[in-house]
Amino acid sequence: MANVEDNLFKNVISHAKEYGFIFPSSEIYDGLSAVYDYGQNGAELKNNIKEYWWKFMTLLHDNIVGIDAAIFMHPTTWKASGHVDAFNDPMVDNKDSKKRYRADVLVEDAIAKMEEKIDKEVEKAAKRFGESFNAEMFKSTNPRVLEYQKKIDEANQRMKDALGSGDMAAMKQLIIDLEITDPISGTKNWTDVRQFNLMFSTEIGSVAEEANKIYLRPETAQGIFVNFLNVQKTGRMKIPFGIAQIGKAFRNEIVARQFIFRMREFEQMEMQFFVKPGEEMKWYEFWKAKRLKWHLALGLGTENYRYHDHLNLAHYANAACDIQFNFPMGFKELEGIHSRTDFDLKSHEKYSGKKLQYFDSEDNQNFIPYVVETSVGLDRCFLAILSKSYKEEKLDDGSERVVLRLPAPLAPHKVAILPLTKKDGLPEKAMEIMNELKYDLRCFYEEKDAIGKRYRRQDAIGTPYCITIDHQTLEDNTVTIRDRDSMKQERVKIADVKGKLIDACSINNLLRKI
Ligand code: ATP
């Protein structure tokens with residue numbers, strides 16, 4: 001199974017390159033590790049995901065507004081946010097394979113393996129006991145399951161303690177005690193665990209004496225926090241309200257593998273929701289549910305999403321969970337929902353000496369709001385959508401096709417306009433149709449090659465509809481519309497094409513489903 005999944009992932013990656021979705025960055029120089037460029041189709045898909053998110057947040061919630069803050073921020077920002085002192089990952093090297101790992105990820109993987117063992121025991125027992133089987137009862141009484149669970153709980157607790165106190169020796173001991181081996185060399189020959197700060201730094205100012213160390217932002221959230229009062233006052237926002245933002249973030253990730261899942265330069269879509277202290281848990285639950293709905297409306301399959309509560313809370317959070325997605329390499333974090341308390345605003349108050357409080361005119365009192373954050377990686381959304389849409393299909397006639405079954409509103413091109421031949425006035429008629437459609441729908445025009453070949457190329461980039469203009473079109477003003485997924489063709493009056501396609505391809509209609 002693992003191999004099938006591995007191959008699938010490899011095929012998705014090469015498909016993304018071959019069809020202009022994603023290229024390795026500066027490829028002519030052999031690329032740059034964990035940095036990627038989006039090609040002509042990738043940029044369109046990415047923009048559509050952004051629009052879907054931005055409209056959901058800011059159009060459908062009249063108490064959320066969007067901003068676009070700079071990537072560079074005053075260096076004290078990152079002192080106040082805790083990133084200078086605490087934005088570290090524990091890293092460890094295997095001396096034989098010379099590969100570097102995140103120590104916490106090694107431990108989490110070991111825990112996941114134990115969880116799998118429990119699942120297997122439950123599965124086996126379910127088969128044995130048949131209908132009368134009670135999984136919860138079995139899990140709370142079976143000695144083998146209880147032993148695994150005890151080991152899991154202990155490992156979680158030890159990791160939490162070690163990371164919480166910054167005790168890297170304890171982290172190493174945990175790796176040894178769990179008998180973790182390097183997946184490549186198969187040995188347990190580990191270096192000590194060391195802390196590694198993930199922020200990129202550079203210098204601002206042209207003259208050396210003036211130069212000041214600054215950072216490339218590792219998250220977009222801080223641009224929102226420092227603008228909290230600017231937005232609240234100028235927008236006359238009343239709590240609860242949110243500020244949304246889409247933008248680049250940079251992290252010098254230790255292990256930068258897995259394609260665009262973990263990059264050193266990536267994009268986040270974040271929203272900070274400011275609430276009354278004490279009401280944060282209500283809003284935390286609210287946003288957990290809302291954000292999942294946003295994902296589910298894409299139709300990639302309910303079974304591919306799950307919540308994962310955090311045991312090891314970040315320094316700023318009092319509750320946190322991930323929405324995980326079933327990526328080709330298994331369930332991994334797609335989005336984080338965090339209850340960040342008043343940590344950030346309080347800390348910015350302290351470091352800046354400026355009041356960052358909200359005046360509640362109803363209660364006649366000032367307070368620092370609590371914050372619930374939703375933070376989703378744009379590139380991870382892209383990977384989720386691309387990898388689940390990618391299908392290698394065997395057709396009834398024995399031939400094969402690769403199709404991207406992208407949600408139609410997100411597809412790079414909504415419709416391909418294909419004159420059957422290059423002559424007899426068909427291209428002119430096709431152009432006429434395209435000129436009518438192009439203001440509402442991104443069209444792709446093509447007249448080269450046999451029609452079947454052209455259909456396949458459109459399948460490969462996920463174009464949901466192809467319009468074919470043939471000789472009958474000239475006689476009765478009808479065209480055929482071919483549906484990407486069913487491959488069925490239907491004859492439609494030209495006058496009806498636009499309405500039909502807009503209906504199926506509009507992001508606004510997708511939003512209505514949430
Ligand atoms: P992970 O545990 O996978 O490193 P994180 O918990 O550090 O992620 P957050 O700080 O919560 O991530 O960031 C919010 C979102 O930003 C994540 O859910 C993810 O979608 C995205 N993200 C974080 N780091 C990266 C990265 N290096 N490359 C691409 N997307 C990322």
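Whatever order the structure lists ligands and atoms in, that order sets their numbers, starting from 1.
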Handout entry: Test side-chain hydrogen bond (donor to acceptor under 3.5 Å, both in side chains) applied to Q157 and D161, step by step
Key = CA-CA 6 Å; Q157 190 57 44; D161 293 345; 3.1 Å; yes

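Protein heavy atom nearest atom 29 (C) of ligand 1, with residue, atom name and distance: F261 O, 3.2 Å. For atom 28 (N) of ligand 1, the closest non-hydrogen atom on the protein side is M263 N, 2.9 Å. In this structure, the protein non-hydrogen atom closest to atom 10 (O) of ligand 1 is R251 NH2, 3.0 Å. Closest to atom 4 (O) of ligand 1, if we only count protein heavy atoms, is R262 NH1, 2.7 Å. For atom 22 (N) of ligand 1, the closest non-hydrogen atom of the protein is F266 CE1, 3.5 Å. Looking at atom 21 (C) of ligand 1, its nearest protein heavy atom turns out to be G377 CA, 3.7 Å. Ranking the protein heavy atoms by distance from atom 2 (O) of ligand 1 puts E333 OE1, 3.6 Å first. Closest to atom 14 (C) of ligand 1 among all protein heavy atoms lies S375 OG, 2.9 Å.
When only interatomic distances are considered, the shortest N/O to N/O separation between V376 and ligand 1 does not fall below 3.5 Å. Not a single N or O atom of I260, backbone or side chain, sits closer than 3.5 Å to an N or O atom of ligand 1. The shortest N or O to N or O distance between D379 and ligand 1 is not below 3.5 Å. Considering backbone and side-chain N/O atoms, R380 comes within less than 3.5 Å of an N/O atom of ligand 1. Below 3.5 Å of separation, one finds an N or O of L334 facing an N or O of ligand 1.
More than 12 heavy-atom neighbours from other residues, nucleotides or ligands sit within 6.0 angstrom of NZ on K248. When the shell of 6.0 Å around CZ of R457 is examined, it contains more than 12 heavy atoms from other residues, nucleotides or ligands. Within a 6.0 Å sphere centred on CD of E147, other residues, nucleotides and ligands contribute 12 heavy atoms or fewer. Under a cut-off of 6.0 angstrom, the local environment of OH in Y351 is crowded, with over 12 non-hydrogen atoms contributed by other residues, nucleotides or ligands. Taking a 6.0 Å sphere around NZ of K50, one finds it holds more than 12 heavy atoms contributed by other residues, nucleotides or ligands.
At least one test fails for R217 against the ring of F72: distance under 6.0 Å to the centre or angle within 45° of the axis.
Within the 4.0 Å heavy-atom shell around ligand 1 one finds Q268. Residue-ligand proximity: H338 is placed with a non-hydrogen atom under 4.0 Å from ligand 1.
Atom numbering of ligand 1 starts at 1 in the shown order; those under 4.0 Å from a heavy atom of E253 are 24 (N), 26 (C), 27 (N). Which parts of ligand 1 touch E335 is read off a 4.0 Å heavy-atom cut-off, strictly below it: atoms 18 (O). Below 4.0 Å from some heavy atom of G336 lie the following atoms of ligand 1, by number and element: 18 (O).
Residues I514 and F56 share a closest heavy-atom pair of CD1-CD1, 3.5 Å.
A salt bridge links R442 with E44: the closest approach of a Lys/Arg side-chain nitrogen to an acidic carboxylate oxygen falls below 4.0 angstrom. Electrostatic pairing of R405 and E393 counts as a salt bridge here, judged by a charged N lying under 4.0 Å from a carboxylate O. Between K113 and D109, none of the side-chain N atoms (NZ, or NE/NH1/NH2) sits under 4.0 Å from a carboxylate O, so this pair counts as no salt bridge. Ion pairing between a basic and an acidic side chain is recognised when a charged N comes within 4.0 Å of a carboxylate O; D459 and R484 show no such pairing.
For R102, every heavy-atom contact with ligand 1 shorter than 4.0 Å involves the side chain, none the backbone.
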